[in-house]
Amino acid sequence: MLHVPPGRVGSLADEVAELATHLGRTPEPEQHLAMDALTAYDKRGRFLTIEAGIEGPRQSTGKTGGVMLPIMFWTCLKMREPDLVTWTSHLADTHLASFREVAGSTPKDDAGLINSNDWLRSRVKSVSWENGAESVAWTSGAVLEFRCRSSRQGRGRSGVANFADEALFLAGEAMAAMLPKLATRSMHGDARQYYASSGPKAESAYLRSLIRRAAARDETLTWVAWRARGSWAKPGCVSAECSHEYGVSGCSLDDEDRWAEANILLGRRTSVEFLRTMRRSMPALEFGREFLGWGEGDDVVSIDAWQLLADPGSVPLRRPVALAVDVAPRLKSAAVLVAAKRADGRAHVEILEHARGVGWLPEFLAGLQREKFAGVKVRHLAGKAPVMAVVPDLVAAGVDLEPMTDTEFAAACGGFEQLVSSAGLRHLGEARLTAALGAAAQVDVGDGSWVMSRKGSAGDISPAMAMVVALRALATDQPAEVWGFIG
């Protein structure tokens with residue numbers, strides 16, 4: 001997967017690759033391609049996005065040592081004035097290993113790049129090996145710190161770049177501490193948050209939110225990922241009931257062509273024999289995640305499948321029709337969605353309005369029910385704090401509301417999943433709706449059921465929440481006839 005937003009006029013990949021060669025790490029063509037994406041800039045000469053990430057199997061892609069470390073060194077050495085760069089990892093042992101790869105364990109340790117490379121050493125001002133304060137000061141004025149992530153790390157400080165290694169262990173609390181560090185560099189500098197990770201584990205909510213954003217072609221994120229064809233949901237095994245254990249005939253985890261798709265340096269930096277051994281030794285779930293890039297945990301739906309359902313010319317019938325509203329946390333925005341039937345029996349969904357704040361909402365909804373959707377109740381989620389906060393104002397404006405219970409919402413989410421998988425709906429291809437769906441997280445509520453949730457989501461998902469509510473209402477309510485087409 002390669003997602004580079006529009007606006008690219010060039011990249012700094014050749015500069016980064018030249019630096020990597022000075023370090024004795026001349027990049028492979030695939031690594032150069034990743035550098036090209038991650039350092040792409042616009043006509044202003046600034047990075048296309050503040051966030052950028054690389055995802056792929058461990059060791060056999062060189063994503064950290066072959067791509068991220070050279071970019072990190074380039075970030076430090078190209079500075080024209082003092083600034084802070086931070087490299088973080090999930091565990092102390094890991095961030096210390098990264099520091100020692102750069103600086104060694106002691107001032108005389110030749111295992112570190114600084115002491116073993118004259119070109120690099122000549123650009124170092126000082127090194128701190130103090131426990132908990134490991135850092136390198138460069139002649140450019142940059143200070144490179146190595147830290148273990150926490151919800152407190154980085155608060156109150158400013159810097160130009162953060163590198164988050166082991167992004168599969170990222171927590172929202174830690175990112176809330178790290179990302180604001182970049183704020184004062186965002187106007188005139190090249191503020192950058194980098195991510196590097198193997199595939200997500202079940203608990204990797206933040207990483208999955210990034211992957212969903214990339215799949216939805218989010219224009220504020222750059223993403224490079226190496227994965228094999230398939231997924232845990234659709235592995236492509238010969239048997240639909242495949243257990244994925246080693247020795248089961250026709251299992252996709254044994255497909256060496258798929259291994260090569262995800263492990264770009266297979267046969268150059270990693271041997272096929274090694275992966276064959278790992279297949280025998282590792283649990284199937286871990287092997288698939290580590291070497292095929294098949295992340296654990298589920299997205300709400302496949303964004304690829306969703307995008308195939310776009311029909312910009314979709315026209316709904318006059319009836320039946322359903323309306324729904326959802327409100328973002330802290331009342332930052334609200335979305336109103338409509339669902340209706342088409343002549344071919346499929347459902348049609350579209351955004352009627354999605355705007356900042358909620359002050360506009362009472363008059364807008366009252367106007368819809370008065371002028372176009374007479375007799376159609378506006379459905380909303382019961383007990384959800386954001387939307388419940390505006391209910392009194394809606395009632396005062398005369399809006400006819402009907403709440404949806406948590407149990408019904410779980411059924412709504414399951415029904416939505418079935419509609420997408422069966423191609424039973426069409427949408428207009430609206431970028432706002434796709435982005436909301438791509439940002440939404442799925443939370444298991446037991447008995448095979450799930451709900452779309454803001455916990456673990458990345459961005460405003462109110463259009464997606466309202467869509468699911470509207471589709472459920474369309475399937476279960478008996479709304480009055482509405483004269484005139486929607487739109």
Side-chain angles (χ1 to χ4, degrees), residues 10-29 31-36 38-41 45-47 52 54 62-89 94-148 154 157-165 181-182 185 188-194 196 269:
S11 86
L12 299 159
D14 289 344
E15 292 183 25
V16 177
E18 182 180 2
L19 185 148
T21 300
H22 281 300
L23 300 177
R25 301 185 176 195
T26 301
E28 299 286 349
Q31 293 172 328
H32 194 283
L33 177 65
M35 293 173 179
D36 185 70
L38 296 172
T39 65
Y41 58 80
R46 295 172 62 180
F47 288 136
I54 185 169
K63 62 181 181 294
T64 302
V67 178
M68 277 301 181
L69 274 178
I71 292 176
M72 180 196 73
F73 283 124
W74 174 84
T75 301
C76 292
L77 298 179
K78 61 95 176 181
M79 285 186 186
R80 295 183 177 88
E81 57 186 45
D83 217 327
L84 177 65
V85 177
T86 307
W87 181 281
T88 69
S89 300
T94 313
H95 95 262
L96 286 174
S98 299
F99 171 71
R100 288 165 182 161
E101 183 176 358
V102 173
S105 300
T106 67
K108 296 183 179 181
D109 184 1
D110 288 339
L113 281 168
I114 289 174
N115 287 338
S116 63
N117 188 291
D118 292 340
W119 181 88
L120 188 62
R121 185 169 60 247
S122 68
R123 288 160 173 77
V124 174
K125 183 178 179 180
S126 63
V127 179
S128 170
W129 285 270
E130 181 183 349
N131 185 35
E134 294 83 5
S135 63
V136 179
W138 304 89
T139 56
S140 64
V143 175
L144 170 62
E145 295 184 344
F146 292 81
R147 297 290 183 265
C148 184
R157 306 184 68 193
S158 296
V160 71
N162 298 323
F163 289 80
D165 197 12
K181 291 169 58 177
L182 307 174
R185 308 298 188 271
H188 306 293
D190 251 342
R192 209 78 198 288
Q193 174 64 57
Y194 290 99
R269 306 279 179 92

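Side-chain contact check for His32 versus Asp14: some heavy-atom pair is nearer than 4.5 Å. Looking at heavy atoms from C-beta onward, Trp138 lies out of side-chain contact with Val143 at the 4.5 angstrom threshold. Contact of the Trp119 side chain with the Leu19 side chain is registered, since non-hydrogen atoms from C-beta on lie closer than 4.5 Å. A 4.5 Å side-chain heavy-atom check between Leu12 and Phe47 finds at least one atom pair inside the cut-off. A 4.5 Å side-chain heavy-atom check between Trp87 and Val102 finds every atom pair outside the cut-off. Contact of the Arg25 side chain with the Gln31 side chain is not registered, since no non-hydrogen atoms from C-beta on lie closer than 4.5 Å. At a threshold of 4.5 Å between non-hydrogen side-chain atoms, the residues Val136 and Val124 count as touching.
Distance check, rounded to the nearest 0.5 Å: CG of Leu96 to CZ of Phe146 gives 10.0 Å. Taken from CG in Asp36 to OG1 in Thr39, the straight-line distance is 6.0 Å, to the nearest 0.5 Å. To the nearest 0.5 Å, the span separating OH on Tyr194 from CG on Asp165 amounts to 14.5 Å. The distance from atom CG of Asp118 to atom CZ of Arg123, rounded to the nearest 0.5 Å, is 11.0 Å. Distance CD/Glu145 to CZ/Phe99: 11.0 Å, rounded to 0.5 Å. The CG atom of Asp110 sits 11.5 Å away from the CG atom of Asn117 when rounded to the nearest 0.5 Å.
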Quiz item: Given Leu144 and Phe163, is the side-chain contact (heavy atoms from CB on, under 4.5 Å) satisfied, shown in steps?
Solution: CA-CA 10 Å; Leu144 170 62; Phe163 289 80; 5.8 Å; no

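Between the side chain of Ser140 and the main chain of Met79, no donor-acceptor pair closer than 3.5 Å is present. Listed for the Asn162 side chain is no donor-acceptor partner under 3.5 Å among the backbone atoms of Gln193. Using modelled atom types, no side-chain atom of Arg147 and backbone atom of Ser89 make a donor-acceptor pair closer than 3.5 Å.
Checked against side-chain contact (heavy atoms from CB on, under 4.5 Å), Thr26 has the following partners two or more places apart in sequence or in another chain: Thr21. When the side-chain hydrogen bond (donor to acceptor under 3.5 Å, both in side chains) test is applied to Ser135, no partner is found at least two apart in sequence or on another chain.
Lys125 NZ: 12 or fewer foreign heavy atoms inside a 6.0 Å radius.
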Exercise answer: donor-acceptor pairs, residues 64-77 side-chain atoms, under 3.5 Å, sequence neighbours excluded:
residue: Trp74; atom: NE1; partner: Glu15; partner atom: OE1; Å: 3.1
residue: Thr75; atom: OG1; partner: Ile71; partner atom: O; Å: 2.7

